[in-house]
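I have placed the structure first, in the form of structure tokens, so that the comments after it can refer back to it.
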Amino acid sequence: MRRALRMTLLLLVGAGLLRVALFTDLYLRYVKQGMRPLLIASGALLVLLAAAEAVSGARRREDDGHGDDEEQEHGHGHHASGTPRAAWLLLPPALSLLLWAPPALGAYTAARQPAQPVTRASDFDPLPATSPLPLTLSDFTRRVRQDDTQAIKGRVVRLTGFVTPGGRDGDWLLNRIIISCCAADARTVKVRVRSPHTPAADTWVTVTGTWRPGGTLGTASAPVALEARSVRKVAKPVNAYTDALLPAPSG
């Protein structure tokens with residue numbers, strides 16, 4: 001592989017990492033927020049390596065008068081460096097990060113994943129008297145299936161996530177995708193919603209409603225489902241791979 005090509009790949013990958021992690025929030029489509037310093041450091045290191053490669057090549061040409069092709073440098077007709085041809089595979093993702101960052105996971109992924117069980121709570125604090133009560137999808141799931149005090153019964157709650165079609169009885173699903181490290185380990189938390197109208201897939205909404213009875217509340221037989229009273233479209237959060245509470249809608 002020619003020195004110039006090697007240098008170009010280092011520069012493109014480094015510049016792509018810096019673009020998504022240093023100058024924008026696009027990195028949150030692929031990794032958790034805590035990874036940002038590592039991405040910036042990696043991008044800067046690759047750019048420095050590309051610069052060092054360029055300086056080294058320029059000095060070599062000045063010293064021996066040869067071109068930058070390694071075949072010329074070593075005087076024979078094969079790739080002496082042993083650089084694998086698979087390095088070419090770095091070119092498409094590097095250009096993608098620079099020119100068009102792939103979108104975050106959304107309805108397509110959520111619709112093809114089963115709902116993941118949430119971690120078990122050791123105990124439950126009393127619910128505040130606030131109405132509607134803001135809850136994450138994970139907290140709502142725990143209250144429905146693990147809280148044997150049935151504190152969620154009859155309470156008006158407010159949940160936020162993105163939409164996927166439900167596929168039966170006119171219901172649809174409210175989802176949040178959660179990652180531990182990166183998009184490759186994503187898992188989906190889901191709440192089934194019943195309302196007169198189904199929002200478009202991938203729409204972020206805040207749903208206000210009450211638990212829809214079924215099974216035995218506080219056990220695994222209880223459906224993680226909501227009878228909606230209102231559905232309001234909201235802006236997608238910058239960091240969409242968490243199940244955090246969002247600010248209450250205004251107005």
Side-chain angles (χ1 to χ4, degrees), residues 28 104-111 113-121 123-178 186-251:
L28 292 172
L105 303 180
Y108 180 87
T109 300
Q113 282 189 342
Q116 298 296 312
V118 299
T119 56
R120 186 158 190 88
D123 55 22
F124 290 94
D125 295 328
L127 290 173
T130 306
S131 184
L133 175 66
L135 290 175
T136 66
L137 271 62
S138 296
D139 287 340
F140 181 74
T141 301
R142 290 188 189 96
R143 288 287 182 174
V144 168
R145 292 195 162 175
Q146 299 175 19
D147 183 7
D148 55 14
T149 68
Q150 300 187 356
I152 201 71
K153 188 174 184 179
R155 293 297 303 271
V156 179
V157 300
R158 184 174 64 230
L159 311 178
T160 299
F162 65 90
V163 175
T164 57
R168 70 170 188 266
D169 300 330
D171 292 357
W172 48 277
L173 295 172
L174 189 68
N175 311 266
R176 293 299 290 264
I177 291 178
I178 307 170
R187 59 188 182 88
T188 305
V189 182
K190 304 182 180 185
V191 173
R192 185 166 291 277
V193 178
R194 176 172 293 169
S195 68
H197 304 288
T198 301
D202 269 324
T203 303
W204 279 79
V205 296
T206 291
V207 182
T208 300
T210 56
W211 173 68
R212 193 167 79 219
T216 301
L217 186 59
T219 72
S221 69
V224 184
L226 198 69
E227 195 75 40
R229 295 186 177 182
S230 69
V231 179
R232 180 171 182 172
K233 185 177 179 180
V234 297
K236 179 180 178 180
V238 174
N239 190 359
Y241 288 150
T242 66
D243 191 19
L245 290 175
L246 300 183
S250 59

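Since the model is a prediction, treat every value here as computed from it, not as a measurement.
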**Report entry** With sequence neighbours excluded, residues passing side chain to side chain donor-acceptor pair (under 3.5 Å) with Gln113
**Finding:** Thr188
Looking only at non-hydrogen atoms, find the nearest pair between [X] and [Y] and report the distance.
| X | Y | answer |
| --- | --- | --- |
| Thr208 | Pro132 | CG2-CB, 3.9 Å |
| Leu217 | Gln150 | O-NE2, 3.2 Å |
| Thr164 | Ala111 | CG2-N, 4.3 Å |
| Gly106 | Ile177 | O-CD1, 3.9 Å |
| Val144 | Pro223 | CG1-O, 3.4 Å |

With rounding to the nearest 0.5 Å, note down the distance linking [atom1] in [X] to [atom2] in [Y].
| X | Y | atom1 | atom2 | value |
| --- | --- | --- | --- | --- |
| Asp147 | Thr219 | CG | OG1 | 11.5 Å |
| Thr198 | Asp171 | OG1 | CG | 8.0 Å |
| Asp202 | Phe162 | CG | CZ | 6.5 Å |
| Leu133 | Thr210 | CG | OG1 | 12.5 Å |
| Arg194 | Trp172 | CZ | CH2 | 13.0 Å |

Query - Qualifying residues under side-chain contact (heavy atoms from CB on, under 4.5 Å), relative to Pro213, sequence neighbours excluded - result: Trp211
Query raised in the report: Are Arg143 and Leu127 close enough, and set up right, to give a side chain to side chain contact (heavy atoms under 4.5 Å, CB included), and what steps lead you there?
Result: CA-CA 10 Å; Arg143 288 287 182 174; Leu127 290 173; 3.3 Å; yes
Query raised in the report: Regarding Arg142 and Thr119, is there a side-chain donor-to-acceptor distance under 3.5 Å anywhere?
Result: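 Short answer, yes.
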Just by modelled atom types, is the [Y] backbone N or O under 3.5 Å from a matching donor or acceptor in the [X] side chain?
| X | Y | answer |
| --- | --- | --- |
| Asp148 | Gly218 | no |
| Gln116 | Pro114 | yes |
| Lys190 | Ala110 | yes |
| Ser221 | Thr216 | yes |

Please list every donor-acceptor pair under 3.5 Å in which a side-chain atom of residues 234-245 meets a protein atom from a residue at least two apart or in another chain.
residue, atom, partner, partner atom, Å
Tyr241, OH, Arg29, O, 2.7
Tyr241, OH, Leu105, N, 2.8
Asp243, OD1, Leu137, N, 3.3
Asp243, OD2, Leu137, N, 3.3
Asp243, OD2, Ser138, N, 2.7
Asp243, OD2, Ser138, OG, 2.7

Requested in this report: Applying salt bridge (Lys or Arg N to Asp or Glu O under 4.0 Å), name anything that partners Arg155, two or more places apart in sequence or on another chain.
Outcome: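 Checked Arg155 against salt bridge (Lys or Arg N to Asp or Glu O under 4.0 Å); zero matches.
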Query - Intermediate values then yes/no, side chain to side chain contact (heavy atoms under 4.5 Å, CB included), Thr149 and Phe124 - result: CA-CA 9 Å; Thr149 68; Phe124 290 94; 5.7 Å; no
**Report entry** Residue pair Val189, Thr141: steps toward the side chain to side chain contact (heavy atoms under 4.5 Å, CB included) verdict
**Finding:** CA-CA 9 Å; Val189 182; Thr141 301; 4.1 Å; yes
Query raised in the report: Do the non-hydrogen side-chain atoms of Val231 and His197 ever get within less than 4.5 Å of each other?
Result: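 Side-chain contact under 4.5 Å: no.
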**Report entry** Qualifying side chain to side chain donor-acceptor pair (under 3.5 Å) pairs with a residue from residues 125-137, counting only residues at least two apart or across chains
**Finding:**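 Found Thr136-Asp139.
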Query raised in the report: Would Val207 and Leu226 satisfy side chain to side chain contact (heavy atoms under 4.5 Å, CB included), going step by step from the backbone distance to the final call?
Result: CA-CA 9 Å; Val207 182; Leu226 198 69; 3.6 Å; yes
**Report entry** salt bridge (charged side-chain N to carboxylate O under 4.0 Å, His left out): pairs with one or both residues in residues 218-229, sequence neighbours excluded
**Finding:**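 Qualifying pairs: none.
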